Number of protein chains: 2
Amino acid sequence: MNLFWEKGFAGASMKQIELALDMRPGSIYATFGSKDGLFREALAAYAERGGVELREHLAGYSSVLDGLQGYLRRIAQQSKPGEATPSRACMIVKTLLEASNSNSAMAEQANTILDAVEQSLVQLLEQAKMQGELAADTDCARLARLFQAQLIGLRSFAQRETHPEHVTSLAEDMAATLDHYRVRH
Amino acid sequence: MNLFWEKGFAGASMKQIELALDMRPGSIYATFGSKDGLFREALAAYAERGGVELREHLAGYSSVLDGLQGYLRRIAQQSKPGEATPSRACMIVKTLLEASNSNSAMAEQANTILDAVEQSLVQLLEQAKMQGELAADTDCARLARLFQAQLIGLRSFAQRETHPEHVTSLAEDMAATLDHYRVRH
DNA sequence: AGTGTAATTGAGCGTTCACTCAAAAAGTAA
DNA sequence: TTACTTTTTGAGTGAACGCTCAATTACACT
């Protein structure tokens, strides 16, 4: 998963995969069927891990909006030089951009995952609305898409070679955007 | 350029490039040196074209902020199914995500271009400040990064298979974000 | 038309790609 | 230990990769 996340699908060769898994080609193909199949499982694992991470993060907040704002800041923290992550950008987005216009099955998987993330965000925002954090007439689906797009933008921006504090201030500004959707404020 | 934009660097084979240019390998290598060299020129051409497009678009506005908001809406329009573009996502961002962690020279070029775009945005926002659209204490560099990240998010989101109106409403919400930085409002 | 230069051609180079499969090794059960 | 099944091995497959270069064609100038 880390290798694919770092190098992308085409960028990771079977030789590197053999090394990363400490498996010989025969075993890899007996287990995963193909490079595509292995990537599919890697991306699914990434999505699963990301989902758990978001849920666990939000568990530490009583306010949903506070939790989402904290999540933006957390992403910015993870983008700092000390943190050793395969890539600062999101593997799902990397896959979407790599696979669209070439590998339709892979693009479809990325799309499906992003749909699921979006739906999770809708549920969370609906919850925020019921808790009175959002106005009753808030379009949660629309706000979910805005938040997702901001996340995508933040993590893609983080892939740049910029000062880490630029990423943290960016996360802060995106968090401030969410504030404008709070009731009263 | 269109082929690389659509398929990415690794995704475009020399065979496809020969077809797209209607040139045989020898001529291609005599002209561009290598596949890398050709890609470098393609990306530079893309950046140049994008710069011209932004400048021409803004020429139709007396207010810089109105112009930038219009630009977001314009991007959303270009993402509609009728428009035949190689990719709805930005070629520079696609390159950044593909090349980081594998091709450092290519990643550096993408970074350099994004730096230049950022600087252009800073200049524009400084102009908006002088025209009284932004508060005197506005951090234009920071706001430029926010706008760029939103653009990246919008165009990457547009690569998804969603309803076109979701992209237009997303652009609208991002435009509304800019409104919060206007003086008075 | 004749001559020198520049540009183009395409067969084919070595390499790397994802992937296969007969043989060997490891595991299981009596 | 023996017989059987499952798993692993790694040399090797054909295909596709980026790229080269001697031969050819097109061009420029007298």
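In the text below, chain A, chain B and the rest are named by the order of the sequence lines, each starting its count at 1. From a predicted model like this one, the values you see are computed outputs, not experimental measurements.
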Engineer: CD1 of A:I28 versus C1' of C:dC21: gap in Å, rounded?
Structural biologist: 15 Å
Engineer: How long is the line joining CG of B:L21 and C1' of C:dT8, in whole Å?
Structural biologist: 14 Å
Engineer: Does the side chain of A:S63 come under 3.5 Å of the side chain of A:Q131 through a donor N or O and an acceptor N or O?
Structural biologist: no
Engineer: Starting from the first five and the last five pairs of the helix from C:dA1-D:dT30 to C:dA30-D:dT1, work out the angle between the resulting helix axes, to 10 degrees.
Structural biologist: 20°
Engineer: In whole angstrom, give the distance that lies between atom CE of A:M23 and atom P of C:dC19.
Structural biologist: 15 Å
Engineer: Set out, in order, the CA-CA distance, both residues' side-chain angles and the distance that settles salt bridge (Lys or Arg N to Asp or Glu O under 4.0 Å) for A:R160 and B:E118, then state yes or no.
Structural biologist: CA-CA 12 Å; A:R160 287 184 60 186; B:E118 192 182 308; 2.8 Å; yes
Engineer: Got a list of protein N/O to nucleotides 15-21 of chain D N/O distances below 3.5 Å?
Structural biologist:
| unit_1 | atom_1 | unit_2 | atom_2 | d |
| --- | --- | --- | --- | --- |
| D:dG18 | OP1 | B:K35 | NZ | 2.7 |
| D:dG18 | OP2 | B:M14 | N | 2.8 |
| D:dC19 | OP2 | B:Y29 | OH | 2.6 |
| D:dC19 | OP2 | B:K35 | N | 2.9 |
| D:dC19 | O5' | B:Y29 | OH | 3.1 |

Engineer: Measuring from B:Q148:CD to B:Q119:CD, what's the distance to the nearest 0.5 Å?
Structural biologist: 10.5 Å
Engineer: Check this for me, if you would: do B:R182 and B:E133 make a salt bridge, where the nitrogen-to-carboxylate-oxygen distance has to be below 4.0 angstrom?
Structural biologist: yes
Engineer: How far does CG of A:N111 sit from OG1 of B:T162, to the nearest 0.5 angstrom?
Structural biologist: 7.5 Å
Engineer: Hey, could you give me each pair passing side chain to side chain donor-acceptor pair (under 3.5 Å) that has a residue in residues 27-44 of chain B? Not counting sequence neighbours.
Structural biologist: B:D36-B:N103
Engineer: Nearest whole angstrom, please: distance from the P of C:dC19 to the CZ of A:F32.
Structural biologist: 13 Å
Engineer: If I take atom CZ in residue B:R24 and atom C1' in nucleotide D:dA22, what distance separates them, rounded to the nearest angstrom?
Structural biologist: 18 Å
Engineer: Indicate the ring-plane relationship of B:H57 and B:Y61, choosing parallel, tilted or perpendicular according to the 30° and 60° boundaries.
Structural biologist: tilted
Engineer: Under 6.0 Å from the six-membered ring centre of A:Y71 and within 45° of its axis: does the NZ or CZ of A:R74 meet both?
Structural biologist: no
